[in-house]
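Below is one structure, written out as structure tokens, with a few remarks after it.
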Amino acid sequence: MAAKKVNDSKMISTELVLPNHTNQLGKLLGGQLMHWIDICAALSAAKHSNFVCVTASVDRIDFHHPINLGDAVTLYASVNRAFNTSMEVGVKVFAESFRIGNRIHTNSAYLTFVSVDQNGNPVKTNEIIPETEDEKRRFEEALKRRENRLQSRKRKS
């Protein structure tokens with residue numbers, strides 16, 4: 001398998017919060033944001049692995065601030081670490097109000113994807129090379145989260 005840099009997996013997606021994306025208070029529905037996060041993360045995983053990637057788990061999505069009707073939502077995704085057939089993708093979400101002129105970090109998420117072939121069978125993915133200090137930190141933290149996920153599965157069995 002080839003090795004790729006974290007930078008090669010980066011995806012950026014921007015969405016406009018429209019009325020059909022909001023609740024009765026004019027705030028973005030959490031499920032809608034989760035949908036956007038899943039798509040952006042899946043594209044990052046596929047870009048890294050060169051295969052279709054399916055969601056295996058969502059570790060956590062932290063909601064720091066509400067997102068309002070009319071805000072532009074920008075999602076930044078990249079692979080934190082690749083394992084055998086799976087990889088962890090981190091997503092950061094920012095909301096920007098052009099009317100007010102502010103931009104805030106609203107959400108963070110960690111998702112695990114599995115690379116699959118055209119028959120849906122898991123396939124080995126590319127290794128990942130972290131370069132910056134931030135990428136190296138996320139690389140190490142991803143291993144700890146994976147170990148926690150595996151321990152959690154064992155306890156549930």
Side-chain angles (χ1 to χ4, degrees), residues 1-18 21 28-67 71-96 103-157:
M1 292 262 88
K4 290 185 169 183
K5 298 174 183 177
V6 170
N7 199 47
D8 297 332
S9 72
K10 288 189 177 174
M11 290 298 300
I12 301 171
S13 175
T14 302
E15 303 285 345
L16 174 63
V17 179
L18 298 171
H21 300 139
L28 178 64
L29 293 164
Q32 180 64 58
L33 180 60
M34 289 188 284
H35 177 74
W36 290 341
I37 287 170
D38 190 43
I39 290 171
C40 191
L43 291 171
S44 173
K47 189 175 181 184
H48 174 72
S49 72
N50 301 113
F51 284 95
V52 170
C53 293
V54 296
T55 310
S57 70
V58 178
D59 252 20
R60 65 184 297 155
I61 299 177
D62 295 322
F63 294 86
H64 305 297
H65 300 280
I67 300 172
D71 284 356
V73 178
T74 304
L75 303 95
Y76 298 87
S78 62
V79 174
N80 289 335
R81 189 164 185 148
F83 300 99
N84 184 31
T85 61
S86 68
M87 66 206 86
E88 182 191 91
V89 178
V91 181
K92 272 189 157 180
V93 180
F94 293 85
E96 188 168 2
R103 179 177 187 263
I104 56 171
H105 173 221
T106 61
N107 303 80
S108 297
Y110 299 108
L111 301 88
T112 302
F113 288 86
V114 174
S115 302
V116 297
D117 64 17
Q118 57 271 31
N119 298 315
N121 298 313
V123 294
K124 186 160 176 53
T125 193
N126 296 313
E127 293 180 26
I128 193 136
I129 303 166
E131 296 181 296
T132 68
E133 288 305 312
D134 187 49
E135 290 170 356
K136 290 174 184 176
R137 177 188 54 79
R138 292 188 342 245
F139 182 85
E140 292 304 320
E141 290 173 354
L143 179 60
K144 292 174 187 168
R145 282 188 291 272
R146 181 174 194 258
E147 290 168 351
N148 289 337
R149 282 190 297 273
L150 295 174
Q151 284 294 339
S152 178
R153 280 191 209 141
K154 285 182 184 176
R155 285 191 297 268
K156 291 178 183 177
S157 302

For Leu28 and His21 the tightest heavy-atom approach is CD1-O, 3.4 Å

Rounded to the nearest 0.5 Å, what's the gap from CG on Asp59 to OG1 on Thr112? Could you check? 5.5 Å

In sequence, state the C-alpha distance, the side-chain angles, and the governing distance for Glu135 and Ser78, and then conclude on side-chain contact (heavy atoms from CB on, under 4.5 Å). CA-CA 10 Å; Glu135 290 170 356; Ser78 62; over 6 Å; no

Please find the pair of heavy atoms, one from Val79 and one from His48, that lie closest to each other, and give the distance. CG2-CB, 3.7 Å

Shortest non-hydrogen separation from Val89 to Asn80 and the atoms involved: C-ND2, 4.1 Å

Would you say that Cys53 contacts Met87 through its side chain, given a criterion of any heavy-atom pair below 4.5 Å between the two side chains? yes

Minimal non-hydrogen separation, Ser115 against Phe51, with atom names: CB-CB, 4.1 Å

Pairing residues for Ser13 by the side chain to side chain contact (heavy atoms under 4.5 Å, CB included) criterion, not counting sequence neighbours: Glu15, Cys40, Leu75

If every non-hydrogen atom of Ser86 is compared with every non-hydrogen atom of Thr125, which pair is closest and at what distance? O-CG2, 3.9 Å

Does Asn126 reach the main-chain N or O of Ala3 with its side chain, forming a donor-acceptor pair under 3.5 Å? no

What residues form a salt bridge (Lys or Arg N to Asp or Glu O under 4.0 Å) with Arg103, not counting sequence neighbours? none

Quick check: closest heavy atoms across Ala41 and Phe113, and the distance to 0.1 Å? CB-CE1, 3.5 Å

Lys92: what forms a salt bridge (Lys or Arg N to Asp or Glu O under 4.0 Å) with it, not counting sequence neighbours? none

Side chains of Lys124 and Asn84 in contact at under 4.5 Å (non-hydrogen atoms): yes

Could you check whether the rings of Phe94 and His105 sit parallel, tilted or perpendicular, using 30° and 60° as the cut-offs? tilted

Would you say that Ile67 contacts Asn107 through its side chain, given a criterion of any heavy-atom pair below 4.5 Å between the two side chains? yes

Filter on side-chain hydrogen bond (donor to acceptor under 3.5 Å, both in side chains), then keep only pairs touching residues 31-47, sequence neighbours left out; what's left? Asp38-Thr55

With a 4.5 Å limit on heavy-atom distance, are the side chains of Leu33 and Phe63 in contact? yes

Evaluate side-chain contact (heavy atoms from CB on, under 4.5 Å) for Ser49 paired with Lys4, printing each intermediate quantity in order. CA-CA 9 Å; Ser49 72; Lys4 290 185 169 183; over 6 Å; no

Test: salt bridge (charged side-chain N to carboxylate O under 4.0 Å, His left out). Region: residues 77-91. Which pairs qualify, not counting sequence neighbours? Glu88-Arg145, Glu88-Arg149

Keeping to residues at least two apart or across chains, list the salt bridge (charged side-chain N to carboxylate O under 4.0 Å, His left out) pairs with something in residues 106-119. none

